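Treat the numbers as computed from the prediction; the structure is a model and nothing was measured. Letters A, B, ... are given to chains in the order of the sequence lines, protein chains preceding strands, and every chain is numbered from 1.
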Amino acid sequence: MEYNFTEIEKKWRNYWREHKIYKSDIDHSKPKFYVLDMFPYPSGAGLHVGHPLGYIASDIYTRYKKQKGYNVLHPMGYDAFGLPAEQYAIQTGMHPAITTMENIARYREQMDKIGFSYDWNREFKTCDPDYYKWTQWTFIQLFNSYYCFDAQQARPISELEEVFANQGSTGLNIAQTENILFSAEEWNSYSENDKQRTLLNYRLAYLADTWVNWCPKLGTVLANDEVVRGVSVRGGHPVERKLMKQWMLRVSAYAERLLQGLDNINWSDSLKEIQRNWIGRSEGAFVQFHIEGQEETLDIFTTRPDTIFGVSFMVLFPEHELIKKITTPEQQQEIGDYMKWVSSRSETERQTDVKKVSGAFTGAYVIHPFTGEKIPIWIAEYVLAGYGTGAIMAVPAHDSRDYAFAKHFNIPIREVVEGGNIAEEAFESKDGICINSDFITGMNVKEGGRAVIQQVVEKKIGYATVNYRLRDAIFSRQRYWGEPFPVYYKNELPYMLSENELPLELPEIDKFLPTEDGEPPLARAENWKTKEGYAYETSTMPGFAGSSAYYLRYMDPHNSKEHFSKESNEYWQNVDVYIGGSEHATGHLIYARFWNKFLFDLGLCVKDEPFEKLINQGMILAHSQFVYRILGTNQYVSHGLRYQYDTTPIHVHVNLVHNGVLDTEAFKAWQPDFANAEFILEDGKYRCGTEVEKMSKSYYNVQNPDDLIAKYGADTLRMYEMFLGPLELSKPWDTNGIEGVHRFIRKFWKLFFNRNNDLQISEEEPTPDEYKILHKTIKKIEEDNERFSFNTAVSTFMICVNELTDKKCDKRKILEPLTVLLSTYAPHIAEELWNALGHTASIYFATFPKYEEKYVLETAYNYPVSFNGKTRFQHTFPLDMPAKEIETAILQDPITQKWLEGKKPKKVIIVVGKIINIVL
RNA sequence: GCGGACGUGGCGUAAUUGGUAGCCGCGCUAGACUUAGGAUCUAGUACCGAGAGGUGUGGGGGUUCGAGUCCCCCCGUCCGCACCA
């Protein structure tokens, strides 16, 4: 029989599907294991070879774990709400649901050809009402919760209402937007509206005014990366900074837990570090400064309370609410001009010229709490609205930004920490002694800081605190293609639908554009339900809403009564291995952790962290190929000769190039422009230039998995993708190398079939040498699989097959277990051979073979030799060498001789395979 | 600027985790079989040298009997954050 991969792969794909081989169910007799891929957003372009990389890895691991006796959950679905489908709908009028379904069908078709072991029974899309019902449901729970720092968990908002009724808002350690103080009497006298308005200050999903990039023409809020130089990337419409009422998630309440949780999960250091930086914990102090001649105080956050005697000005962010109250009449004009200039600048502009110093003086002063000195209050762009209190005490001597500001506006610079050269630059080191600082002079920076905080606390003008860079997430999008909020408005205050009204389905609309008066597209839905005459929220939820808890839903995807059952969650717990790109480090992977922790607080899921282990697969890049057209002609010059002419490089399709040599005839046939192309060759060949770039249609460097599967088969593709290099590394695709893997697969096939293509398997007992090859391989493959080193595993297979081919080994006892090993990497061919060996059940249910140590052991061990306990060197001896002889050999070793200096050792301790200790 | 990762043949990579550097594959060279080869098989392939031999893991230093691996300094590449007080 010939190795006809097309037939074989089709045959087994059908068999697996018909026999529901990959169906998974709760099975308490086996340990569970959950392997998850980041589900894809199905774009119109289909999959290229980079997309399945992680899926192949997770599939191999799934199959491996299954063979190791685990009950494995390995589901797949689609992140189906999102921008591209909606933009496409705006251009073509085609409903996003239709294009999304088409794209999904295409993705599924491509994925099926690769031979994945997904349990497709559990498939769902985030745009299914059955699914987004639970996204909406969770939102309602967030709305009905607040965060208590003492309990370190989310609590029902009703509990807070009780507390307010009994003791008011003072002295509570809870997450809040602003610190509102009221007594129990005041609370009890509030109207229902006042109460609801106040509660928004504490809810985990809340409605608040926020600064956003607003594009009036597109009628939506835009993210920073969607705005360049003040205009929208799409359409080039002007964008303004606007204070808008938006739904927010109080992610910041979980900052500490999100940070602490990182210590207990098995993620890469770099990814944890990215999240730590994103959360941005910093310890410092809040301090109140009294504003001269006003009741008001100015609150600031600082990480350097020790430098409080070096303060020479204060700065507010340009839209700070105090500005109006404190600006003196003389400064009105200047401040007004500055604020106008600032508001004309987009977030991006602001970020591009951070070096530029700008600001304006309000004319007002604060009183220094210790010296009583008058300190001027400025406003400036470099102070951010969203961090701390939006105001700082500026210490130019010890902060480079304050330094630049002080130099620019000629403000005094006071040195309060010894050691710098403040005539030249700010001295930011935290190692130093405080000087010119009243009661902390002479202390080191740390002590000084503590002393200042103590004084500030005594004066009741501040306290030590921890501040986080992590901000609350804006949760509304003025879009159509997303989850509708289960929210209606009464007296301009939001109320939630009840659970039996869910899902609130996305209504049909005539056009996917905002309304004339700037309402989101949902406002076009004329016959959309309204609740008792009150209007629904017209924004939809952002992309991360649907992807924040999908892994939980896979545990129990068809449950219509609950998000997922308690039983399923108690069995499957959380994801053991999660594979996906690192681009989600500060988005999805933060939101999902937040979301999971919230559900954990509600007692719905048993694990606090959703993803125990995370693997970031690298990106697959491409070698783009270039030809060099001589300017103004249709002549093309080979890469090595291109500098002899004036040329422009032109991207050429990678399929027209083999090992750097252009197929000139195929090139002529490729595009009409090139039909009459002439070539200037080197060594009789046209050599192309190459460059590593991202895979993109416009670079003609996209490799489509379908083409490769047609040419080499899915098994070859799977193994080659793994063979390319370590999973985590980004690496360029190089189709040339695939031949080597294909050769391996055919070689493996030939171990079973003789020259006439007849199955030829010997039932003879293998030789020890043959056993050694097998057991070495089992051990190595097991180790490689465990550490996700699939590239070295493929090499191991190749070595094994080379060795067996040399020995012309056709013994069943060798080949059968090898087939089981290979089935995780190349499931189709393995299944075919397994079947040929006489098995009727699928190889998927085979057990991972055990290796026998006696065949695996090398002939020698390295003995580390230590003198008086300190390891000195290692010595290699054959395994079967008696201990006495080892001792003699060690003592005769020149290094031992040198160390002994002629003395006789008291004792020599030998533990085979471990350590040799010589004691004097 | 801050933080992280990395640097090994012509190329992708490997190295029992401190123990013979370069496994496996691509490419290349030679040969065999072929009407033919972008098929298959065999042998070779880090560099210098005819050879014995010598040199080699970005550069420099250190620890060690022993360093690609550990420590310090420099150079370079990639990624993340970026006025976070």
Side-chain angles (χ1 to χ4, degrees), chain A residues 268-282 284-285 300-304 307 315 317 350-357 380-395 398-402 404-405 428 467-471 582-583 585-586 616 618-619 623 658-661 663 690 719-720 723-726 728-744 746-747 750 779-780 783 787 789 791-802 805 858 861-865 867 870-876 893-896 898-899:
Chain A
S268 73
D269 288 340
S270 66
L271 198 80
K272 284 187 184 180
E273 210 48 41
I274 290 173
Q275 289 214 342
R276 284 193 191 105
N277 291 342
W278 189 259
I279 295 166
R281 183 184 204 272
S282 50
I300 60 102
F301 171 74
T302 179
T303 54
R304 295 291 304 274
T307 61
V315 193
F317 83 90
R350 203 166 157 151
Q351 282 167 18
T352 42
D353 49 23
V354 292
K355 293 253 157 58
K356 194 173 160 189
V357 178
E381 228 185 10
Y382 83 91
V383 173
L384 303 177
Y387 186 76
T389 59
I392 61 160
M393 62 174 212
V395 184
H398 304 288
D399 181 287
S400 58
R401 298 151 302 180
D402 299 345
F405 195 87
E428 295 183 307
N467 203 26
Y468 300 90
R469 211 192 68 115
L470 185 71
R471 318 244 166 113
S582 59
E583 67 271 20
T586 54
N616 286 127
M619 212 189 338
H623 284 288
H658 301 281
N659 291 324
V661 178
D663 181 338
T690 146
M719 289 199 91
Y720 185 56
F723 182 67
L724 271 179
E728 269 117 327
L729 234 66
S730 282
K731 56 238 163 201
W733 180 263
D734 174 18
T735 299
N736 293 319
I738 202 171
E739 303 275 355
V741 173
H742 193 55
R743 218 166 279 149
F744 154 78
R746 286 211 306 264
K747 261 179 151 172
K750 280 186 193 161
K779 185 170 196 240
K780 186 72 179 8
E783 284 166 2
R787 60 192 176 112
S789 180
N791 56 327
T792 55
V794 176
S795 295
T796 306
F797 277 122
M798 287 176 169
I799 295 165
C800 173
V801 165
N802 286 345
T805 305
E858 289 304 319
Y861 263 147
N862 273 322
Y863 291 84
V865 180
F867 305 142
K870 195 188 174 203
T871 304
R872 285 293 169 186
F873 68 106
Q874 292 198 5
H875 212 306
T876 307
D893 188 280
I895 297 167
T896 318
K898 195 178 139 200
W899 180 74

(message) Whole angstroms only, please: what is the NZ-P distance between A:Lys356 and B:rA82?
(response) 21 Å
(message) Any side-chain N or O of A:Asn277 below 4.0 angstrom from OP1/OP2 of B:rA82?
(response) no
(request) Describe the nucleic acid contact of A:Asp663 in one word from base, sugar-phosphate, nothing, applying a heavy-atom distance below 4.0 Å. (result) base
(request) For A:Tyr382 and B:rA85, give me the distance from atom OH to atom P, rounded to whole Å. (result) 13 Å
(message) Expressed as a whole number of angstroms, how long is the span from A:Glu739:CD to B:rG37:C1'?
(response) 13 Å
(request) Find the distance A:Ile392:CD1 to B:rC83:C1' and express it as a whole number of Å. (result) 9 Å
(request) Assign B:rU29 to syn or anti; the rule is syn for a glycosidic angle within 90° of 0 and anti otherwise. (result) anti
(request) Using a 4.0 Å heavy-atom cut-off across all strands, classify A:Ser400 as base, sugar-phosphate, or nothing. (result) nothing
(message) Does a side-chain N or O of A:Arg746 approach OP1 or OP2 of B:rU40 to a distance below 4.0 Å, or not?
(response) yes
(message) Tell me the interatomic distance from A:Asp399, atom CG, to B:rC83, atom P, rounded to whole angstroms.
(response) 13 Å
Below 3.5 Å is the cut-off: list the nitrogen or oxygen pairs between protein and nucleotides 4-12 of chain B, distance only.
{"residue": "B:rG12", "atom": "O2'", "partner": "A:Leu724", "partner atom": "O", "Å": "2.5"}

(message) From CH2 of A:Trp733 over to C1' of B:rG25, roughly how many Å is that when rounded to an integer?
(response) 13 Å
(request) Quick one: classify the glycosidic conformation of B:rG9 as syn or anti, with syn meaning within 90° of 0. (result) syn
(request) Calculate the interatomic distance between A:Lys780 atom NZ and B:rA14 atom P; express it in whole Å. (result) 10 Å
(request) Considering just the side-chain nitrogens and oxygens of A:Thr796, establish if one lies under 4.0 Å of OP1 or OP2 belonging to B:rC24. (result) no
(request) Can you tell me the distance, in whole Å, between the CG atom of A:Asn467 and the C1' atom of B:rA85? (result) 9 Å
(request) Check whether any side-chain N or O of A:Arg743 sits under 4.0 Å from OP1 or OP2 of B:rC26, and answer yes or no. (result) yes
